[in-house]
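Shown next, in structure tokens, is the structure this report addresses.
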Amino acid sequence: MASSSSSSSSPNPTQLHLSPHATRTQKLPRTLPLRTPAAARGGAVAGDDRSAPPRPRSMSSYVESLQNGTIPDTFTFPPLLKSLSDSNALLEGETIHAHVVKMGFERDLYVRNNLIRLYAVCGDLVSAHNLFDQFPQRDVVSWTTLISGYSKMGLLEQAIEVFLCMVDEGFAAADAVAIVAVLAACAKLGDLDLGRRVHRYVDSSRIKLDVFAWNALISMYAKCGDIDSAYKCFKKMPRRNVVSWNAMISGFVRAGEFERALSLFKRMQGEGIEPDDATLVGVLNSCASLGALEMGRWVHVYVVRIGSKADGVLGNALVDMYAKCGMIDHAMQVFDEMRKRDVYAYTSMIVGLAMHGRGEKALNLFNEMLRVGISPNRVTFVGVLSACTHAGLVELGLRHFEDMSSVYNITPQLEHYGCVVDMLGRAGYLDRAREFIRAMPVEPDAFIWGSLLGACKIHGEVAMGESVMKHLLTVENEEDGSYVLLSNIYAANNRCHDSNRVRKAMRRKKVKKTPGCSSIEIDGVVHEFGVKKKMEA
DNA sequence: TTAGGGTTAG
């Protein structure tokens with residue numbers, strides 16, 4: 001690439017050195033997946049006979065103005081290119097690019113940055129990067145556009161490498177917007193160490209953060225699993241908007257801290273901040289996990305009162321909340337009233353029905369989903385396999401399991417193998433379940449063996465239970481559940497002596513039974529309670 | 001006059 005690096009050889013105190021390779025000769029990433037314009041549009045696939053999208057209005061206006069004899073100037077192209085980017089109109093964008101070159105406006109930084117953005121958002125990172133490289137004159141907007149383009153395409157290492165190149169080589173000074181772009185890439189990558197270094201870089205180089213950048217920091221920490229640092233940022237930021245609250249509430253949800261999520265939501269209400277869909281989704285997720293039905297209902301009433309449609313992400317969260325709070329008919333009602341149902345809506349409902357033992361209804365819904373042309377995903381199959389388990393439809397379940405990879409190109413994960421083991425085991429096919437585990441291409445985990453141990457308990461299979469327990473102990477560390485289950489298998493088969501032996505072993509190994517814990521919601525407040533006295537094994 | 005950014009799913 002053309003170099004416009006700072007010529008100073010003295011060390012820059014704010015130099016980032018984020019990467020162990022930061023001192024090597026910097027080359028921008030070039031190993032990019034080539035995408036055809038059609039693929040980049042995200043539309044055309046084999047056998048797709050949809051008609052071409054209509055020409056964007058901005059393009060028609062441009063053509064009309066040319067026909068009226070208007071001569072374009074540098075100010076003509078940025079808004080036009082922005083509009084084409086927003087409608088993913090790569091072909092029209094390429095036409096405009098040709099006009100730009102022909103009229104000699106390609107050197108204009110505003111025009112070129114807009115062209116880089118057009119190619120980047122349409123997924124053609126090769127053209128975006130080529131254009132970026134073509135002229136030495138670039139600014140922080142050019143760099144940020146490229147970083148963001150890579151990040152949005154999921155090319156996160158490349159996004160970070162471009163950022164490192166920019167700051168370590170001194171090509172441009174990072175500002176709050178560039179920081180947001182690179183933090184988003186760190187968050188998607190889940191790279192906490194890198195995110196922390198970017199934060200330190202921000203502090204040392206005294207970049208003035210705005211509310212967007214603070215929100216990006218909260219989100220980065222939350223997505224990388226450091227909820228305490230996220231909360232520190234939330235408390236420290238000088239000004240907050242609704243996204244700040246949403247980022248923190250969803251961060252608590254992600255961390256499994258549902259009470260803190262609800263408590264923050266109440267604080268948000270106390271401060272008079274109007275919640276939006278993202279807030280309510282976070283609140284509903286917490287309600288679903290805590291069984292806080294009253295609060296979940298309050299959200300539903302609120303959604304209706306403000307005239308919002310319970311569609312999209314919010315509708316799905318409502319379905320999920322009602323299903324997990326035991327109100328499957330309410331879940332079904334919300335689902336039925338949704339105008340547009342996507343794979344998430346169907347999956348929430350299928351999983352919910354399966355959880356409630358309505359296997360056949362779940363399977364009917366799965367068939368309906370296929371009929372209307374929605375492709376299932378990984379989680380849909382968790383629901384489908386679980387529905388087959390509850391309906392006792394073992395052979396059908398095995399066919400669905402086969403179809404996952406052969407028809408839908410979804411590689412089964414441990415959770416799916418677990419479902420099949422559970423399905424075979426509950427139906428009494430313990431040998432088949434054992435054989436299935438043996439043939440698994442992935443190492444069985446504690447849940448897989450635990451499912452089989454559970455089946456041994458149901459069917460009184462003492463010998464297999466003992467053997468499974470050995471496997472279980474090789475993959476989990478002194479977990480109480482397995483010991484208790486084996487002890488119960490013995491007890492249910494009148495082998496009290498063996499049952500006591502297992503309990504004694506638990507005491508000897510200091511395995512404590514986790515005290516039972518439950519929660520109840522009174523007046524919208526979730527109270528958690530458990531057994532106070534430490535339970536004796 | 002014109003360009004880059006943050007939150008929400010089973």
Side-chain angles (χ1 to χ4, degrees), chain A residues 72-83 85 105 108-118 120-121 138-149 151-152 166 172 174-185 187 209-220 222-223 230 233-234 237 240-251 253-254 275-285 288 312-321 323-324 331 335 341-355 376-384 386 415:
Chain A
D73 62 13
T74 50
F75 295 110
T76 307
F77 294 105
L80 172 58
L81 288 165
K82 186 177 187 312
S83 154
S85 303
F105 292 127
D108 183 280
L109 200 52
Y110 281 91
V111 173
R112 211 166 58 249
N113 285 346
N114 266 297
L115 277 168
I116 293 170
R117 177 167 184 266
L118 170 94
V121 302
R138 309 177 195 104
D139 63 3
V140 67
V141 177
S142 331
W143 286 90
T144 308
T145 307
L146 199 58
I147 293 166
S148 174
S151 179
K152 284 187 176 144
M166 176 178 88
D175 61 6
V177 185
I179 293 301
V180 169
V182 73
L183 284 176
L209 297 183
D210 59 9
V211 69
F212 279 73
W214 277 107
N215 293 346
L217 268 174
I218 294 172
S219 174
M220 179 279 292
K223 286 180 179 167
C233 291
F234 179 79
M237 63 196 295
R240 300 184 193 108
N241 63 12
V242 67
V243 178
S244 324
W245 292 86
N246 294 348
M248 201 58 241
I249 289 171
S250 69
V253 172
R254 192 182 293 269
D276 65 8
D277 282 10
T279 324
L280 299 177
V281 168
V283 172
L284 287 169
N285 289 340
V313 181
L314 187 54
N316 298 341
L318 273 170
V319 169
D320 185 52
M321 181 277 296
K324 290 203 172 123
F335 177 82
R341 301 182 195 108
D342 59 8
V343 60
Y344 292 100
Y346 273 101
T347 301
S348 299
M349 204 57 239
I350 290 166
V351 170
L353 286 165
M355 269 184 343
N377 65 20
R378 181 179 60 80
V379 187
T380 319
F381 277 103
V382 172
V384 168
S386 162
E415 54 190 339

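Every heavy atom of this structure was used, including side-chain atoms; hydrogens, water molecules and symmetry mates were not. Numbers restart at 1 for each chain; the letters A, B, ... are given by sequence-line order, proteins then strands.
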[atom1] of [X] versus [atom2] of [N]: gap in Å, rounded?
X	N	atom1	atom2	result
A:Arg240	B:dG6	CZ	C1'	15 Å
A:Leu280	B:dA9	CG	P	13 Å
A:Asn113	B:dG5	CG	P	12 Å
A:Trp214	B:dG6	CH2	P	18 Å
A:Met220	B:dG6	CE	P	14 Å
A:Trp245	B:dT8	CH2	P	17 Å
A:Arg112	B:dG4	CZ	C1'	14 Å
A:Asn114	B:dT2	CG	C1'	7 Å

Report the nucleotide, chosen from [options], that has the shortest atom-to-atom distance to any side-chain atom of [X].
X	options	answer
A:Pro78	B:dT7, B:dT2, B:dG6	B:dT2
A:Lys82	B:dT8, B:dG5, B:dA3	B:dA3
A:Asp276	B:dT8, B:dT7, B:dA3	B:dT7
A:Val281	B:dG4, B:dA9, B:dG5	B:dA9
A:Ala247	B:dA9, B:dG5, B:dT7	B:dT7
A:Thr145	B:dG5, B:dG4, B:dT8	B:dG4
A:Val141	B:dT8, B:dG5, B:dA3	B:dA3

With the side chain counted from C-beta on, respond yes when [X] and [Y] share a heavy-atom pair under 4.5 Å apart, and no when they do not.
X	Y	answer
A:Asp139	A:Asn113	yes
A:Pro72	A:Phe77	yes
A:Ser219	A:Leu183	no
A:Asn114	A:Leu118	no

Counting only distance, no hydrogens or angles, is the base of [N] paired donor-acceptor with the side chain of [X] under 3.5 Å?
X	N	value
A:Asn241	B:dG6	yes
A:Asn316	B:dA9	yes
A:Thr144	B:dG4	yes
A:Asn246	B:dG6	no
A:Asn215	B:dG5	no

Using a 5.5 Å cut-off between ring centres and planes within 30 degrees, is A:Phe75 stacked on the base of B:dT1?
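A:Phe75 ring centre within cut-off of B:dT1 base, planes near parallel; stacks.
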Base of B:dA3 and ring of A:Tyr110 stacked, centres under 5.5 Å, planes under 30°:
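It does not: the ring fails the test against the base of B:dA3.
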For a quick check of understanding: with a heavy-atom distance under 4.0 Å over all strands, which category does [X] fall into, base, sugar-phosphate or nothing?
X	result
A:Val140	base
A:Arg254	sugar-phosphate
A:Thr74	base
A:Thr380	base
A:Asn285	sugar-phosphate
A:Asp277	base

Sequence neighbours left out, what passes side-chain contact (heavy atoms from CB on, under 4.5 Å) with A:Thr144? Give chain and number order.
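side-chain contact (heavy atoms from CB on, under 4.5 Å) check on A:Thr144 returns A:Val140, A:Val177, A:Ala178, A:Ala181.
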Sole residue of A:Leu280, A:Asp276, A:Val319 in side-chain contact (heavy atoms from CB on, under 4.5 Å) with A:Leu314:
A:Leu280
Applying side-chain hydrogen bond (donor to acceptor under 3.5 Å, both in side chains), name anything that partners A:Asp277, two or more places apart in sequence or on another chain.
none
Between A:Asn215 and A:Asn241, do the side chains contain a donor N or O and an acceptor N or O under 3.5 Å apart?
yes
Between A:Phe234 and A:Trp245, does the ring centroid distance fall short of 6.0 Å?
yes
Can you see if the side chain of A:Ser219 gets near the phosphate of B:dT7 - specifically, an N or O under 4.0 Å from OP1 or OP2?
yes
Short side-chain N/O contact to B:dT7 OP1/OP2 from A:Lys223, under 4.0 Å:
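For B:dT7, OP1/OP2 do have a side-chain N/O of A:Lys223 under 4.0 Å.
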Below 4.0 angstrom, which residues in residues 344-355 of chain A have at least one non-hydrogen atom near DNA chain B?
A:Tyr344, A:Thr347, A:Ser348
